[in-house]
Protein chains: 2
Amino acid sequence: MPRGQCGGQGWWHGKFRGCGYRMTLGREAILDVLSKAEGHLSAEDIYIKIHSRYPNVGLTTIYRTLDVLSDVGMVYKLDFGDGRARYEFAEGPKGVHHHHHLVCTECHKIIDYTDFIDDEVELLNQTEKGLGQKYKFKITNHLIQFYGVCQECSDKK
Amino acid sequence: MPRGQCGGQGWWHGKFRGCGYRMTLGREAILDVLSKAEGHLSAEDIYIKIHSRYPNVGLTTIYRTLDVLSDVGMVYKLDFGDGRARYEFAEGPKGVHHHHHLVCTECHKIIDYTDFIDDEVELLNQTEKGLGQKYKFKITNHLIQFYGVCQECSDKK
DNA sequence: CTATTATTGGAAATCATTTCCATTATTAGG
DNA sequence: CCTAATAATGGAAATGATTTCCAATAATAG
Ligand SMILES: [Mn+2]
Ligand SMILES: [Mn+2]
Ligand SMILES: [Zn+2]
Ligand SMILES: [Zn+2]
């Protein structure tokens, strides 16, 4: 297992430590999986992905870590209505890959879309500002999801 | 208990029956509570509100009914991150009171806002159309929530 | 290297939601 | 109004994701 090779082992290392948390093997593994994952992983998904290489990282730790990461804002916790929380890496404070979701209510397929995002985000920023002032909220985040039925599910009828 | 008095007993009666469901006391009670409720009720909230007058409507029925109502689109099922689903009446296909949510991540206070809604909704409609075409989705609904910290919670620091 | 203390894993507890199934109630049709 | 067909119900038990507990372990400052 090569170490150094740059600034360390993932840019998040610093951010995480900076928040006063200790960096552990398990946490690193979780962060690593999340940062590379395509989809939207559940705690168990992560457990499974990690388990072969880190057999001694327990599910409990995964839940705990996800909570922390979520608090710190490094990970988004999402609910797509399939009975378990799903997590996705937040890459940066509002990284290049900011996107929203299209959710099929039949088969729970999720599509990340970035189309139209620019207009949306612009409007959202305004709204955020307005709402923040009016309701004295310190707004930190937003969630946008469209629900519908995907083509495959439509065809099945 | 007066009956008639107009078109029947709540405009939803028809809509519900129209979908092929039987109208029962329990269902009527649930619909009634939801249509008058201010906040965002959980299944148990509803159970409690109903129980004194309808002691023989069980929690199971409430869950089942909420599922149905949610499927039919008469009720929105929401997740505010407090570990239980919350429901709100949808009044009409996209009634006058369409609103979005501002969620305090500390105390879970929820604010319904309608400010800025017009612009939002307009943009959303466009986006819906665009997304629907591009991804072949039949979009039926959207969810928008802003997360942040309310004033009271900010002050507590 | 040590002391301090955050973190961990695993078993058990929680708790919202579902499942089961025998019983009951609604409704269309006569 | 009556009846058959079957949708709906409730309560107990099952489920299953997430939490809680606590003794053991590991990360980190100095
Ligand atoms: Mn995504
Ligand atoms: Mn609301
Ligand atoms: Zn689908
Ligand atoms: Zn608050």
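Residue numbers begin at 1 in each chain, while the letters A, B, ... track the order of the sequences. The figures that follow rest on heavy atoms only: side chains count, while hydrogens, waters and symmetry mates do not.
Residue B:Ile62 contributes atom CD1, which lies 11 Å from atom P of D:dG11 at whole-angstrom precision. Rounded to an integer number of Å, the gap from A:Glu28 CD to D:dA26 P is 16 Å. Nucleotide C:dC15 holds its P atom 14 Å from the CG atom of B:Asp82, rounded to whole Å. As rounded to whole Å, 14 Å separates atom P of D:dA7 from atom CZ of B:Phe16. One interatomic measurement links the two molecules: CG of A:Leu66 to P of D:dT19, which rounds to 10 Å at whole-angstrom precision. Rounded to an integer number of Å, the gap from B:Asp79 CG to D:dA17 P is 16 Å.
The only option from A:Val121, A:Leu123, A:Thr127 that meets the side-chain contact (heavy atoms from CB on, under 4.5 Å) definition with A:Asn125 turns out to be A:Val121. Of the candidates A:Tyr113, A:Phe80, A:Tyr76, A:Phe80 is the only one forming a ring pair (Phe, Tyr, Trp, His ring centres under 6.0 Å) with A:His101. B:Ile30 pairs with exactly one of B:Leu25, B:Thr24, B:Ile62 by the side-chain contact (heavy atoms from CB on, under 4.5 Å) rule, that one being B:Ile62.
Dashed line: the shortest gap from a side-chain N or O of A:Arg27 to OP1 or OP2 of C:dT8 is under 4.0 Å. An OP1 or OP2 oxygen of C:dT18 is reached within less than 4.0 angstrom by no side-chain nitrogen or oxygen of B:Tyr63.
Judged by distance alone, with hydrogens and angles left aside, the side-chain atoms of A:Ser42 form no donor-acceptor pair with the main-chain N or O of A:Ala85 at under 3.5 Å. No side-chain donor-acceptor contact under 3.5 Å links A:Arg27 to the backbone of A:Leu69.
Counting any heavy atom pair closer than 4.0 Å across all strands shown, A:Gly83 reaches sugar-phosphate atoms only and no base atom.
For A:His108 and A:His40, the ring centers are positioned 6.0 Å apart or more.
Contact check for A:Lys138 versus B:Glu106: no side-chain heavy atoms found under the 4.5 Å cut-off. The side-chain heavy atoms of B:Gln151 and B:Asp155, taken from C-beta on, include a pair separated by under 4.5 Å.
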(request) At under 4.0 Å between heavy atoms, which parts of nucleotides 19-30 of chain C does protein reach? Answer with one letter per nucleotide, 5' to 3': B base, S sugar-phosphate only, - none. (result) BB----BBSS--
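Nearer the 5' end of DNA chain C, as judged by each residue's closest nucleotide, is the contact made by A:Leu59, out of B:Tyr87 and A:Leu59.
Across B:Cys104 and B:Cys150, no two heavy atoms sit closer than the pair SG-N, 3.4 Å.
Of the residues in residues 37-57 of chain A, A:Asn56, A:Val57 come within less than 4.0 Å of DNA chain C through at least one heavy atom, sorted by number.
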